[in-house]
> 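I have a structure I would like to understand better, so I am pasting it below and will then ask my questions one at a time.
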Amino acid sequence: MSQKGLSGFFEEYLKKDAIFKDKKALQANYTPETIPHREKQIKEMAQILAPVLKTEKPSNLFLYGKTGTGKTLSTKYVSSQIEEMASKNEIPLKIIYVNCKLKKVADTEYRLMAHLAREFGKEIPVTGLPTDEIYNLFFESLDISNKILILILDEIDELVKKTGDRLLYNLTRINSELKISQLSLVGISNNLTFSESLDPRVKSSLSEEELVFPPYNAIQLQDILNQRAKKAFKQGRVAEGVISKCAAYAAREHGDARRALDLLRVAGEITERNNLQKVELDHIDEAEKRIERDRVLEIALSQPKQFQATLYSIIEVSSQKKTLIFAGEVYDTYKKICIQAGLRPLTQRRLSDIISELDMLGVINAKIISKGRYGRTREIKLAIPQHTQKEVKKIIEGGLDLS
DNA sequence: CGAGATTCATGTGAAGTATACCTTTAGGCTTAA
DNA sequence: AAGCCTAAAGGTATACTTCACATGAATCTCGTA
């Protein structure tokens, strides 16, 4: 597009009457005033946490539910309300929300504690200090702050799976060491059987209270979508049946509301980009593809080099062999790729772990199988649609500087 | 023919190593009295 | 003598390697019917 044409394009863009009224209403971090079908959980959560308003320590709380069942949203809603009330009445309260899954932020014991201490304004180096020291720094500043702290740990199951439950044990115990301040834990887990794997002591003190978030059904999803769509779109810009189709798609995947909202938002964006007046049914299918594509590309792009090389090898091998592929083959190809890219190849042991992590990320499906006489291995299958594979490959080629 | 032993290719846990970063400490140099 | 800077020493977290052992069904072996 020429320079002149561009200014014309922008003018055109501004003149065009948008189909969105307030697109934020469909974004993941948006908190509506009311959260349909979670009234019960929200009320209970409020009851459990309310004692802070009398400067008493609330019970520790544990939330279960699959992704997109409103755990995070409800928690944020309740905590913002409490915060507001607390500041109005000058109650010394602090709420910290941490997502334990974020790489390089809170995915190890050290990093989580460092993150918390930083919340209290401490300068903590990335590495080098003993973890105990970080605990002390955190306790100290918490105690000095003279506040009740509600610590919300999202996706806590991921963290415990990786680093064990010592962290939780320490956190549940620190109240006895604090003189002035108090700490309540709110754990959020996607895994329903998570607490089974905990040390009994941790389990009993962490789950003083428990709340379960069941999946939404299609009708509830429709309610949610309708509520948000009314805010987000201008009148009459969504074709008949679009909402229910989004709901149906998401209900198919264990009632994931986030997914439903994403679908609707992306469908809207597609409509807008194509200069169309109405969001039609077809746009949802297109949106579904695009969401999946974006997710995969995002993951591929954000991984460390070794992970990229591994993923690349998997794509490479599986495009040559139409059948299922095995870890050994991937390793052989991976070694070649490394040489091409000027990377020092990692050991098979490490690659095995990397493959597991890629599995966790959902870009591949790996299953351990025994081929009897012919040994034992992982059977790997790509979870990326064909056309996206090529894009992923290209991205990695760029990043890895392969020819 | 079938039960049990064998086998293969790799999964997996534990312990060790390299690297990058941290604090503490001791020595050397500078400065000011 | 006091103060400041620097480098070495001693410590840690993390990512990775090394070593050794675990796995589990297809295949083999061998006793038995």
Side-chain angles (χ1 to χ4, degrees), chain A residues 98-141 153 158-171 197 199 299 302-314 316-318 320-321 323-339 341-361 363-382 399-400:
Chain A
V98 186
N99 186 333
C100 300
K101 212 168 142 187
L102 291 179
K103 264 201 176 178
K104 302 280 175 190
V105 175
D107 60 343
T108 68
E109 191 180 0
Y110 180 92
R111 298 214 255 243
L112 173 64
M113 292 315 291
H115 180 77
L116 293 180
R118 285 193 198 106
E119 282 283 324
F120 282 90
K122 295 264 179 187
E123 292 278 332
I124 307 287
V126 239
T127 172
L129 293 188
T131 309
D132 294 359
E133 189 67 24
I134 309 288
Y135 271 102
N136 288 336
L137 284 169
F138 171 65
F139 289 174
E140 222 172 81
S141 41
L153 299 175
E158 297 286 329
L159 180 61
V160 171
K161 195 160 28 171
K162 254 172 105 171
T163 68
D165 51 14
R166 199 183 70 172
L167 164 86
L168 287 177
Y169 181 66
N170 287 338
L171 279 177
S197 59
D199 183 308
I299 291 175
S302 65
Q303 290 310 306
K305 287 212 160 125
Q306 296 291 357
F307 284 61
Q308 293 190 344
T310 311
L311 183 56
Y312 188 91
S313 314
I314 294 171
E316 187 69 26
V317 175
S318 73
Q320 285 166 13
K321 271 186 68 182
T323 54
L324 291 164
I325 59 174
F326 304 113
E329 300 165 328
V330 172
Y331 187 61
D332 290 341
T333 322
Y334 160 82
K335 273 193 293 195
K336 280 183 214 145
I337 300 285
C338 279
I339 292 165
L343 243 55
R344 198 168 52 85
L346 301 177
T347 48
Q348 200 156 343
R349 176 72 186 81
R350 179 64 185 142
L351 211 74
S352 174
D353 284 347
I354 292 180
I355 290 174
S356 301
E357 289 191 48
L358 287 174
D359 186 23
M360 297 270 198
L361 287 168
V363 286
I364 61 172
N365 291 318
K367 199 168 76 186
I368 300 147
I369 56 154
S370 177
K371 291 186 290 168
R373 186 73 223 279
Y374 305 101
R376 214 167 105 92
T377 183
R378 271 205 183 85
E379 190 182 80
I380 300 166
K381 209 169 75 190
L382 273 168
L400 240 42

> Where does the chain A footprint on DNA chain B start and end, counting 5' to 3' with a 4.0 Å heavy-atom cut-off?
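From 5' to 3', the first and last contacting nucleotides are B:dT7 to B:dT23.
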> Between A:Y135 and A:N170, do the side chains contain an N or O donor and an N or O acceptor separated by less than 3.5 Å?
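Short answer, yes.
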> Let me know the distance between OH of A:Y110 and C1' of C:dT14, rounded to the nearest Å.
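About 11 Å, once rounded to whole Å.
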> Drop me the distance from A:N99's CG to A:L112's CG, to the nearest 0.5 angstrom.
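One gets 10.5 Å once the value is rounded to the nearest 0.5 Å.
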> Rounded off to whole Å, could you give me the CE-to-P distance for the A:M113 and C:dT14 pair?
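Taking CE of A:M113 and P of C:dT14, I get 13 Å after rounding.
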> Residues of residues 118-133 of chain A with any non-hydrogen atom less than 4.0 angstrom from an atom of DNA chain B: list those, numerically ordered, please.
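Residues of residues 118-133 of chain A that come under 4.0 Å of DNA chain B are, in numerical order, A:P125, A:T127, A:G128, A:L129.
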> Heavy atoms, side chains only, cut-off 4.5 Å: are A:I355 and A:T310 in contact?
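The answer is yes, as the side chains (C-beta and beyond) meet within the 4.5 Å cut-off.
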> So, OP1 or OP2 of C:dT12: does either fall under 4.0 Å of a side-chain N or O from A:R111?
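So the side-chain polar atoms of A:R111 never come under 4.0 Å of the phosphate oxygens OP1 or OP2 of C:dT12.
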> May I have all residue pairs that pass salt bridge (Lys or Arg N to Asp or Glu O under 4.0 Å) and include part of residues 327-339 of chain A, sequence neighbours excluded?
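Every salt bridge (Lys or Arg N to Asp or Glu O under 4.0 Å) pair that includes a residue of residues 327-339 of chain A, provided the two are not neighbours, is A:K321-A:E329.
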> Listed by chain and number, what are the side-chain contact (heavy atoms from CB on, under 4.5 Å) partners of A:Q308, not counting sequence neighbours?
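Result, side-chain contact (heavy atoms from CB on, under 4.5 Å) vs A:Q308: A:Q303, A:I396, A:L400.
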> Taking any heavy-atom pair under 4.0 Å as a contact, classify A:P345: base, sugar-phosphate, or nothing.
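Answer is sugar-phosphate: A:P345 comes under 4.0 Å of backbone atoms only.
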> Any chance you could list the contact pattern along nucleotides 20-30 of chain C? Use B for base contacts, S for sugar-phosphate-only contacts and - for none, protein heavy atoms under 4.0 Å, 5' to 3'.
---BBBBSS--
> Would you please name every residue forming a side chain to side chain donor-acceptor pair (under 3.5 Å) with A:Y331, sequence neighbours left out?
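Counting only residues at least two positions away or on another chain, A:Y331 forms no side chain to side chain donor-acceptor pair (under 3.5 Å).
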> So, using side-chain contact (heavy atoms from CB on, under 4.5 Å) as the criterion, who are the partners of A:E158 when residues are at least two apart?
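A:E158 satisfies side-chain contact (heavy atoms from CB on, under 4.5 Å) with A:K101, A:E155, A:K161 only.
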> What is the distance from CG of A:N136 to P of C:dT12, rounded to the nearest Å?
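Taking atom P of C:dT12 as the reference, CG of A:N136 is at 14 Å.
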> Could you list the residues that satisfy side chain to side chain donor-acceptor pair (under 3.5 Å) with A:Y110, not counting sequence neighbours?
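Checked A:Y110 against side chain to side chain donor-acceptor pair (under 3.5 Å); zero matches.
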> May I have the distance from A:E357 (atom CD) to C:dA15 (atom C1'), rounded to whole angstrom?
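Nearest whole value for this atom pair: 11 Å.
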> Output the residues of residues 325-339 of chain A in contact with DNA chain C, where contact means a heavy atom of the residue under 4.0 Å from an atom of the strand; sort by number or write none.
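Those residues whose heavy atoms fall under 4.0 Å from DNA chain C, taken from residues 325-339 of chain A, amount to none.
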> Backbone N or O of A:L137 within a donor-acceptor pair of the A:S141 side chain at under 3.5 Å?
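Yes: the side chain of A:S141 pairs with the backbone of A:L137.
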> Side-chain donor-acceptor pairs under 3.5 Å in residues 364-373 of chain A, sequence neighbours left out?
| unit_1 | atom_1 | unit_2 | atom_2 | d |
| --- | --- | --- | --- | --- |
| A:S370 | OG | A:G372 | N | 3.3 |

> Could you tell me how far apart A:Y135 (OH) and C:dT12 (C1') are, to the nearest whole angstrom?
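Whole-Å distance recorded here is 15 Å.
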> When the side chains of residues 113-129 of chain A are checked against the rest of the protein, which donor-acceptor pairs come out under 3.5 Å, sequence neighbours left out?
| unit_1 | atom_1 | unit_2 | atom_2 | d |
| --- | --- | --- | --- | --- |
| A:R118 | NE | A:I124 | O | 3.4 |
| A:R118 | NH2 | A:I124 | O | 2.9 |

> Would you say A:Q306 and A:Y334 are linked by a side-chain donor-acceptor pair, where the criterion is simply a distance under 3.5 Å?
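Per modelled atom types, A:Y334 and A:Q306 side chains form a pair under 3.5 Å.
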> Please enumerate all residues that pass side chain to side chain donor-acceptor pair (under 3.5 Å) together with A:D165, with sequence neighbours excluded.
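Partners of A:D165 by the side chain to side chain donor-acceptor pair (under 3.5 Å) criterion come out as none, since no residue qualifies.
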